[in-house]
Amino acid sequence: MERRVAFESSFAIAEAVKMADIDVCAAYPITPQTHIVERVAQLVANGELDANYIPVESEHSALSACLGSSAAGGRTFTATAGQGLELMHEVVYVASGMRLPIVMSVCNRALSVPLSIWGDHSDVMSVRDTGWIQIFAENAQQAFDLTLCAFHIAEDPAVLLPTMIHIDGFHLSHVIEPVLLPEQEKVTRFLPKYHHPFALDVNNPAAMGDFALPDLYTEAKVAHDMALRNSIKVILQVWQKFGEEFGREYSPVETYGAEDADILLLTMGSFSEVAMEAIDRLKRAGEKVGLVRLRLWRPFPFEQFRQTVGRAKLLIVLDRALSVGGPGPVCSEVQAALYHLKERPQVIGFIGGLGGRDISVEGFQNMIHRGMDKASQGKPGEIEVFDVREK
Amino acid sequence: MNDITEIRWHGRGGQGAVTSAELLALTAIKEGNIAQAFPSFGPERRGAPVIAFNRISAGKPIRSRAAIAEPDIVVVLDPGLLGIIDVTRGLRDGGVLIVNSSKGLATVNSEIGGPWKLAVVDATAIARDILKRPIVNTAMLGALIKATGVVNLESLTQPLEERFGKLSEINVQACSKAYKEAVVMEYSPGVKKAEKVYPIEKSLSWKELNLGFVVTEMGNARSYRTGYWKSERPVRDNAKCIKCGMCALFCPEDCIHQDAEGYFEADEFYCKGCGICARECWTGAITMVEA
């Protein structure tokens, strides 16, 4: 029987990890991810999850231990956030280059200095180019569903790439919501067994993480790039299968009220639901606005994205990360994706929600209006930080 | 010659090809030219084939930093490379090839002659005689200057002093001796490069790589003939050998093994000729001779 429980996203993820019957979790606790690994450790200690929980001395070691376990053919999970992800950074590249399907929850957190334990997407953007699949959840249910799907996607023989499930620190990690938990039997049927073609085997030794001369490095990087780009096919298949089995649909680019909208707002993560509320209010006032929620950040879903926003007149993009001295990372990516289209929406970027700063429903309404004003004034190029005190 | 003279050096790790290129650039710059020197960057291993490059121009800015594929001049520091590497690959018609060899001009020409000027010098003999070790780079600079005149012999002295300090005097001597002894055969147009097949390692496409760049042929270094790298080989005097195995203990390649009679013998297939066995031998039973 499906169960309806009250869980914060952290516990929902731990529950998905339990149902996925992982073999190894190596992790180092860091706010706001602590509840996930604490809960996983508890499940292992209670005997509810038959796995090795490896407490390590740092995030660098956490992911390094995960490399070993995944390479040995074990289903492997870890979680981190903010500074922890930064300390892990070197190994993040290694995991994907070695094509090890580790699943990692990232509780999106701001980066120091100033030190902030609260949420934004600075850490997400710092690992944008590491060759992992990156998926955003917007609520606790999605955190559960997408974590489960992440194992399926990552371990698919046509993919074999590590996958991050991004949940916004505190806004999701620590917020209790109702979550539907499927039956274990159904999950077990849904999730195939993990098999790595070059799994560590003393009888068939292999060298992993080798070095490449200039003669081969490019080819190795292209092979990795093609694998990540092609993974979108499997991502679509797995989400479709999940929808058929469990009744909840996921897509690389999702919308809300965007069908007849001229003006679109683009968000990622938990703020999307706040923005939905703003869209509802503006629609009631007769405004032709809609929402685009980018669920899949890597590989960037170019085709789906162009199909979704290509016909709009104005696209307002919210970045929850500030690329110091540069454009908003999502905004510049979106502009690049649209550049070659003959007809494309005007793009206006905002930066906001940094270091845990809230954006309310009214805030999103204001942001959309501000974007419309800027478009009509012909000032699309200026980067604007939303809700910053000038004096 | 073009506005920019391009030179490619072929040698082995430890012979000084990179130093040669550096010294040549220093000298050319001292003479008021624009010049560039760089190695083919990679793992540095004594004895492994290495390449270094120079570009020299009287006034035209040198902008390319790419490896030189079509050199005007090729210098070969190690005669053993001629059989395994296509050293004259891309050498321009009318260019210059300078080879270190004890075989003499006529023999070298029959082996590797072509539409270029050829200079031959026994730089190893000169280096052994004057430097007491087979580091041929400064001798080869002398031969290069004689055959091409890219810089003046006298201009090289100061860079050599700065580089080698108290060893500079013997290096200047080696350089001058090679300048005198190098024999040159002028370019005769129409001569064809001898057809010869060199082993080429096929480079894989991205589609052919193993997932995650995994290497599955474990121990494939076994087929790598590092014995090709040596310019000297160890010779044992059984009268002095006490079969202690100290040579095998110190061999960095682990290529010295005990035979049926109890003597320790270096495997020529792998021995790089580093000479550590000879140095460590207590009884002086091992000496290094030309390979």
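Naming convention: chains lettered A, B, ... in sequence-line order (proteins, then strands); numbering from 1 in each chain.
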field: Ser205(B) versus chain A, the contacting section by heavy-atom distance below 4.5 Å
entry: backbone
message: Does Phe264(B), at its CZ atom, have more than 12 non-hydrogen atoms belonging to other residues, nucleotides or ligands within less than 6.0 Å?
response: yes
message: Just so I know, are the side chains of His196(A) and Leu211(B) near enough to count as touching, which here means a heavy-atom distance under 4.5 Å?
response: yes
message: Are there residues of residues 75-107 of chain A whose heavy atoms fall under 4.5 Å of chain B's heavy atoms? If so, which?
response: Gly97(A), Met98(A), Arg99(A)
- prompt: Between Ala212(A) and chain B, which part of the residue has a heavy atom less than 4.5 Å away: side chain, backbone, both or neither?
  reply: both
message: Applying side-chain contact (heavy atoms from CB on, under 4.5 Å), can you list everything that pairs with Pro301(A), at least two apart in sequence or on another chain?
response: Ile232(A), Pro252(A), Val253(A), Leu294(A), Leu296(A), Gln304(A)
- request: Could you pull out the closest heavy-atom pair between Ala220(A) and Phe213(B), with the gap in Å?
  value: CB-CD1, 3.7 Å
Exceeds 12 heavy-atom contacts within 6.0 angstrom, atom CG of Asp225(A): yes
Kindly list each side-chain donor-acceptor pair under 3.5 angstrom involving residues 33-40 of chain B, sequence neighbours excluded, with atom names and distances?
{"unit_1": "Asn33(B)", "atom_1": "ND2", "unit_2": "Ala28(B)", "atom_2": "O", "d": "3.1"}
{"unit_1": "Gln36(B)", "atom_1": "OE1", "unit_2": "Arg55(B)", "atom_2": "NH1", "d": "2.9"}
{"unit_1": "Gln36(B)", "atom_1": "NE2", "unit_2": "Ser64(B)", "atom_2": "O", "d": "2.9"}

message: Please determine whether the number of non-hydrogen atoms from other residues, nucleotides or ligands lying under 6.0 Å from atom CD of Glu303(A) exceeds 12.
response: no
field: Nearest-0.5 Å distance that lies between atom NZ in Lys207(B) and atom CD in Glu219(A)
entry: 12.0 Å
query: Where does Pro214(A) contact chain B at under 4.5 Å (heavy atoms): side chain, backbone, both or neither?
result: neither
- prompt: Taking atom NZ of Lys241(A) as the centre, does the number of heavy atoms from other residues, nucleotides or ligands within less than 6.0 Å exceed 12?
  reply: yes
- request: Quick one: closest heavy-atom pair of Leu216(A) and Leu204(B), and the distance?
  value: CD2-O, 3.9 Å
- request: Measure the OG1-CE distance between Thr216(B) and Met208(A) for me, rounded to the nearest 0.5 Å.
  value: 10.5 Å
field: Within residues 198-225 of chain A or reaching into it, pairs that qualify as ring-ring contact (aromatic ring centres under 6.0 Å, His included) - sequence neighbours excluded
entry: none
